[in-house]
Structures are given as structure tokens and as C-alpha cells.
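Take a look at the structure below.
We count ligands from 1, going down the list as the structure has it; atoms in each ligand are counted the same way.
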Amino acid sequence: MKPTVLIVGAGVIGCSLAYELTLRGAAVTIIDAAELSSGASSATFAWVNANEKPPAEYQQLNVLGLRAHERARRSRALGDADWFHQTGNLQVAATDAEMRALEKKVGRLTSNDYEATMLTRAEIEEFEPSIDSTGLKGGALYPKEGWIDTIAMCTGLLKKACESGAVFLPYQRVTELKPTGQVTVTSADGSTRHYAADVTILAAGNGNRPVLATLGVDFPTHPSSDDGAAGTGNPTVGLIATTGPVDTGIRHVIHAPGISIRPARNGGVTFTDSPTGARWKPDDPRIWTVPGLLLDRARTLYPALRNASTETVALGTRVLPNDGVTISDWITEKTSIYAIATHSGVSLAAHLAEAVSDEVITGERHESLRPFGLARFPS
Ligand SMILES: Cc1cc2nc3c(=O)[nH]c(=O)nc-3n(C[C@H](O)[C@H](O)[C@H](O)COP(=O)(O)OP(=O)(O)OC[C@H]3O[C@@H](n4cnc5c(N)ncnc54)[C@H](O)[C@@H]3O)c2cc1C
């Protein structure tokens with residue numbers, strides 16, 4: 001008998017799981033406190049990569065993530081899975097010291113069979129003709145990387161899952177979790193309901209911690225309300241800005257000192273600070289000076305942005321396990337409650353969903369997930 005599965009959270013992880021589990025014959029119900037892709041998955045740079053993510057097992061997990069996205073892109077079953085834009089990632093260097101650092105990185109990655117190649121300034125101009133290369137020394141190309149349209153991904157996967165019998169219930173917030181996996185949810189009108197299944201999977205991002213607290217479990221992720229001193233940085237908050245539609249000619253995901261830029265789903269560009277997004281307290285008013293500063297940096301690379309303005313700015317709260325590395329494990333010994341929490345969830349979602357679905361169906365630990373259990377945290 002295939003299990004009934006309740007998934008809490010319809011971000012990139014929950015929607016990928018709903019798809020993979022229905023594919024394996026499970027009866028899936030997926031619930032979210034809001035709409036699909038409304039948590040970290042809605043405010044992400046969405047760069048798909050395994051571009052130096054220590055330790056080695058986490059690097060390998062990201063390689064598997066990238067490969068799984070490639071497979072999904074080619075999959076006949078997914079047909080119109082066009083959310084992975086495998087554009088390649090171009091990292092540019094402005095100084096000799098940056099070029100030397102890039103050369104070392106490319107050496108390390110290629111020695112581990114990760115595709116990466118150094119580019120001269122002339123080659124950058126060839127690969128990315130609309131970039132203003134004045135002041136650039138050269139760069140590196142990572143051809144297998146790209147970016148994901150997370151809304152298209154969540155919508156596409158959930159649609160496929162629902163066509164195979166899954167049920168999606170939006171605007172249902174889990175307020176209590178019982179040891180059996182039964183959840184109490186509160187709807188937008190204040191009414192409450194209970195849902196139960198053979199297996200409950202928590203894929204609620206930063207919502208996992210408060211939900212598990214109702215069970216008395218201290219889930220080892222940073223609380224999303226964690227606040228550092230003003231301006232010195234909250235480790236979890238990053239800023240993602242998008243211009244209105246503008247023809248920049250951008251072809252790749254671009255990483256330059258102080259700025260990362262990629263094409264956006266609205267025909268503009270999405271940008272964040274490099275390497276991984278700003279680190280601010282969300283209520284620090286100075287945060288709103290950052291998008292202007294970043295847009296100026298982007299304009300030095302793409303002159304076509306001169307007349308563009310920022311259309312949206314999102315403050316994304318990273319889902320951060322206490323040691324920075326993915327958690328994917330059973331919460332209870334009796335395999336009824338499972339939890340996933342991860343940064344780089346966009347890169348990892350396609351693989352994690354396959355591996356966790358296999359675990360749920362077979363009851364066996366998936367080889368690639370063994371290093372990502374809860375036992376590594378002190379109890
Ligand atoms: C600024 C920033 C930049 C990033 N850049 C990248 C990048 O370039 N590449 C990359 O791979 N990753 C990146 N990430 C990380 C990636 O976006 C996340 O790891 C990923 O989106 C997490 O997905 P998720 O499905 O686990 O969680 P979420 O997307 O947060 O989804 C969780 C869902 O659960 C729901 N929920 C929460 N609580 C409850 C509850 N009590 N009841 C019911 N539902 C609930 C929420 O409404 C939400 O829809 C970035 C993240 C941020 C913030």
C-alpha cells in the first residue's frame with residue numbers, strides 16, 4: 001500500500017515533493033499558510049549551482065541538485081518544464097588579484113570534474129556582447145549553471161501533481177503538530193481543521209521551527225526573527241531587486257565584484273549584492289538605500305540599464321540550519337514526521353524531492369542524504 005502524505009509548505013521544496021511523491025503513487029495533500037512560492041522561494045536569486053559549497057558532501061548534494069534540474073528540463077513527463085534557464089554563469093574579475101583567485105577556484109572545481117573555464121576579456125565580450133567590459137581583466141564561465149523561474153517551477157510541478165490526484169489547500173496555517181503527524185490548521189476565516197496522513201513532511205522553510213516547537217522539538221535552524229545589530233547584518237535576510245522590462249541583452253547569470261545580475265521573468269533584470277545577497281535587519285530603514293546603490297553597480301556593466309528603474313524589491317529570509325548545511329531527516333523514530341530545511345533550496349529542490357520521496361516510499365535512508373541527518377546536532 002502506498003502511503004498517504006501530508007506536505008506542509010508549497011515552496012520549491014514542497015511543490016517538488018508533491019510532484020515526485022504522486023509520481024511514486026502516494027496520495028498527497030499539500031497545504032500552505034499562503035499561496036504557493038510565497039516564502040523564501042519568492043525572494044531568491046535562484047541561481048542553480050554547485051559553485052564551491054563546502055563541506056564536500058554538501059558540494060556533492062548541490063551537484064546532484066544541478067543534475068536533477070537538467071534531467072527535469074529534458075524530461076518528457078514534465079513536457080513544458082521550462083523553468084530552468086541553463087544560461088551558464090559568467091563571473092568577471094576587475095583586478096589581477098581577482099583573476100588569480102578565479103584561476104585557483106576554476107582549478108579546484110575542474111579537478112573535481114565541475115565544468116568551469118577561464119575567459120579573457122575578449123572572450124567575455126564574445127560570450128556576453130552587451131556587457132561593458134571596460135575595467136574588466138577577464139573572468140570564468142560555468143556553463144552548466146543557470147537560474148530558475150521559481151513561480152513557474154512551483155506552479156508547473158503542483159499542476160502536474162494535482163493532475164495525478166494531489167490536493168492543494170492554500171491559506172491553511174499549521175498551528176499545531178501532534179506526535180502522530182496530525183496537524184491542526186487555521187484558515188484565513190479563523191476556522192480550524194485537522195489533517196492526518198501516514199507521513200507528514202514539513203517543508204515549511206522558516207515555518208518548520210515554530211511548527212515543531214508545538215511538538216516540543218527545538219529544530220536547529222536560525223529563528224527567522226533572529227536580529228543582529230542594525231546594519232551589521234542579520235545572517236538570514238537578503239535583498240532581491242528587479243527592474244521593469246528593459247532590453248539589456250543579458251545572456252548569462254553574471255557575478256561581478258559587489259553585484260550579481262540575471263535575467264528576470266518580467267523581461268527586466270534581477271540583481272542582488274555579490275556573493276550571496278545583503279545581510280540586514282529587515283526593519284533597518286537604511287536597507288532601502290541599497291537597491292539604488294546596486295542598480296548603479298549594475299549600470300556600469302549594462303549601459304542599457306541607464307534609464308531603467310527598480311520595479312520590485314523583496315526582502316528574502318534565508319532558511320538557515322544552524323551549521324549552514326541542509327537538514328533532511330525523520331523527526332520521529334516511528335517514520336511519521338519528516339522535515340527538510342535548507343539554504344540553496346532552489347539548486348537542491350529537484351534532487352532532494354527525488355531522494356526524500358524514495359525514503360518515504362521505501363523506508364530506507366537515501367545514500368546522498370546520510371550526512372544531512374539531525375544526529376549531527378547536539379540534543
Ligand atoms: C535572498 C536569498 C537569496 C537566495 N539565493 C539563492 C540562490 O541563488 N540559489 C539557491 O539555490 N538558493 C537561494 N536561496 C535559498 C532558496 O531560495 C531557499 O533555500 C528555498 O527557496 C527554500 O525553499 P522552501 O520550499 O524550503 O521554503 P519556502 O520557500 O520558504 O517555502 C515554505 C512555505 O511554507 C509555508 N509555511 C510556513 N509556515 C507554515 C505553516 N505554519 N503552515 C503552513 N504553511 C507554512 C510558507 O508560506 C511557504 O510558502 C536564496 C534565499 C534568499 C532568501
Just go through [options] and tell me whose heavy atom is the nearest to [atom].
atom                    : options             : value
atom 31 (O) of ligand 1 : G65, G11, S347, S37 : G11
atom 43 (C) of ligand 1 : A33, G9, S16        : A33
atom 37 (C) of ligand 1 : S38, P210, A204     : A204
atom 2 (C) of ligand 1  : C15, A43, A314      : A43

Do you see a donor-acceptor pair shorter than 3.5 Å between the side chains of [X] and [Y]?
X    : Y    : value
E115 : Y142 : no
T242 : T270 : yes
Q86  : E145 : no
Q172 : R193 : no
E176 : T214 : no
K53  : S344 : yes
S164 : Y19  : no
E128 : Y302 : yes
T184 : H194 : yes
R121 : S133 : yes

Is there a polar contact, in the sense of an N or O pair closer than 3.5 Å, between [X] and ligand 1?
X    : result
I240 : no
A46  : yes
K53  : no
F45  : yes
A40  : yes
V174 : yes
T317 : no
W47  : yes
N49  : no
D32  : yes

Does anything in residues 28-40 pair up under side chain to side chain donor-acceptor pair (under 3.5 Å), and if so which pairs, sequence neighbours excluded?
none
Regarding R71 and E354, does a basic nitrogen lie under 4.0 Å from an acidic carboxylate oxygen?
yes
Identify, by atom number and element, the atoms of ligand 1 in contact range of [X], meaning under 4.0 Å from any of its heavy atoms.
X    : answer
T342 : 19 (O)
A203 : 32 (C)
S41  : 20 (C), 21 (O), 23 (O), 25 (O), 28 (P), 29 (O)
G316 : 53 (C)
I13  : 23 (O), 24 (P), 25 (O), 26 (O)
H343 : 14 (N), 15 (C), 19 (O), 50 (C), 51 (C)
R318 : 52 (C), 53 (C)
V12  : 20 (C), 21 (O), 23 (O), 25 (O)

Taking the six-membered ring of F271, is NZ or CZ of R262 closer than 6.0 Å to its centre and within 45° of its axis?
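Output no; distance or angle outside limits.
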Heavy-atom distance under 4.5 Å between the side chains of D132 and L301, does that happen here?
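Heavy-atom side-chain distance check fails, nothing below 4.5 Å.
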Can you name the residues that form a side chain to side chain contact (heavy atoms under 4.5 Å, CB included) with R265, not counting sequence neighbours?
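R265 satisfies side chain to side chain contact (heavy atoms under 4.5 Å, CB included) with D149, I151, A152 once adjacent residues are dropped.
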Examine the proximity of ligand 1 to [X] and report which part, side chain or backbone, both or neither, has a heavy atom under 4.0 Å away.
X    : result
A349 : neither
T272 : neither
S42  : neither

